[in-house]
Amino acid sequence: MAVKGLGEIDGTYDGSQIRVGIVHARWNREIIDALVYGAIKQLKKYNVKEENIIIESVPGAYELPFATKCMFNKHNVDVVIPIGCLIKGSTMHFEYICDAVSSQLMKLQFEINKPVIFGVLTCLTEEQALQRAAISPGMHNHGEDWGACAVEMVCKWKGYY
Ligand code: DLZ
């Protein structure tokens, strides 16, 4: 089974002038590290300079929305990629955090008037997460999509915010 990735890129985007923040959770670290690696790899492919990729961490996915807001204020970045991995357990915890984090990240874009990428995996099993981080062989790393998405959102829409 293949996991779908970003569709065909619709233009040529040059990220050489943009600043990108990555804030990642530390839960499920192996998966997070692979996703962050994929995002950075793709940002560099789109010419984002290493010194313009600012990385910070938070304990867990629940902390991502607030820290994402802080990333804009602390580092003057054009876009933030919050990266987290939520894996369903035996309680309702997963549902509450997925809902809170996704809706808060969506809202934040309109509050701060800057793009926020949705870099949070919401997986029913660890296997799903391993696949989406391309730790399982032959699978697609979603972090790469998030990196490309960040560059496109700034290059295409900056000036229209
Ligand atoms: C508590 C918790 C649990 C059970 N599962 C995850 C998870 O799968 N992924 C994740 O990023 N964080 C998890 N957390 C931690 C919460 O996101 C948060 O850090 C704590 O509840 C403290 O606010």
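Below, all heavy atoms of this structure are taken into account, side chains as well, without hydrogens, waters or symmetry copies. Only a predicted model underlies this, so the values are computations on that prediction, with no experimental measurement involved. Both counts, for ligands and for their atoms, begin at 1 and track the order of listing.
- Heavy-atom contacts from other residues, nucleotides or ligands closer than 6.0 Å to NZ of Lys114 number more than 12.
- In terms of protein heavy-atom proximity, atom 11 (O) of ligand 1 is closest to Ala61 N, 2.8 Å.
- With contacts defined as side-chain heavy-atom distances shorter than 4.5 Å, the pair Val120/Leu64 qualifies.
- Nearest non-hydrogen protein atom to atom 15 (C) of ligand 1 is Trp27 NE1, 3.3 Å.
- Surrounding CD of Glu50 are at most 12 heavy atoms belonging to other residues, nucleotides or ligands under 6.0 Å away.
- Scanning the protein heavy atoms around atom 19 (O) of ligand 1, the nearest turns out to be Glu63 OE1, 2.5 Å.
- One N or O on the side chain of Gln128 and one on the backbone of Leu124 form a donor-acceptor pair closer than 3.5 Å.
- Close approach to Cys85 involves these atoms of ligand 1, each under 4.0 Å from a residue heavy atom: 7 (C), 8 (O), 9 (N), 10 (C), 11 (O).
- Residue contacts with ligand 1: Pro59 is placed with no nitrogen or oxygen under 3.5 Å of a nitrogen or oxygen of the ligand (distance criterion only).
- Considering backbone and side-chain atoms together, Ala25 places no N or O closer than 3.5 Å to any N or O of ligand 1.
- Neither the backbone nor the side chain of Val58 has a heavy atom within less than 4.0 Å of ligand 1.
- The aromatic rings of Tyr160 and Trp157 sit perpendicular, their planes meeting at an angle over 60°, well past the 30° parallel limit.
- You'll find the side chain of Trp27 stays beyond 4.5 Å of the side chain of Cys85, heavy atoms only.
- The distance criterion of under 3.5 Å between nitrogen or oxygen atoms is not met by His93 with respect to ligand 1.
- Those atoms of ligand 1 with a heavy atom of Asn28 less than 4.0 angstrom away are 7 (C), 8 (O), 9 (N).
- Side-chain atoms of Asn28 and Leu121, non-hydrogen and from C-beta on, never get closer than 4.5 Å to each other.
- For ligand 1, the atoms sitting less than 4.0 Å from at least one non-hydrogen atom of Gly60 are 11 (O), 12 (N), 17 (O), 19 (O), numbered in the order shown with element in parentheses.
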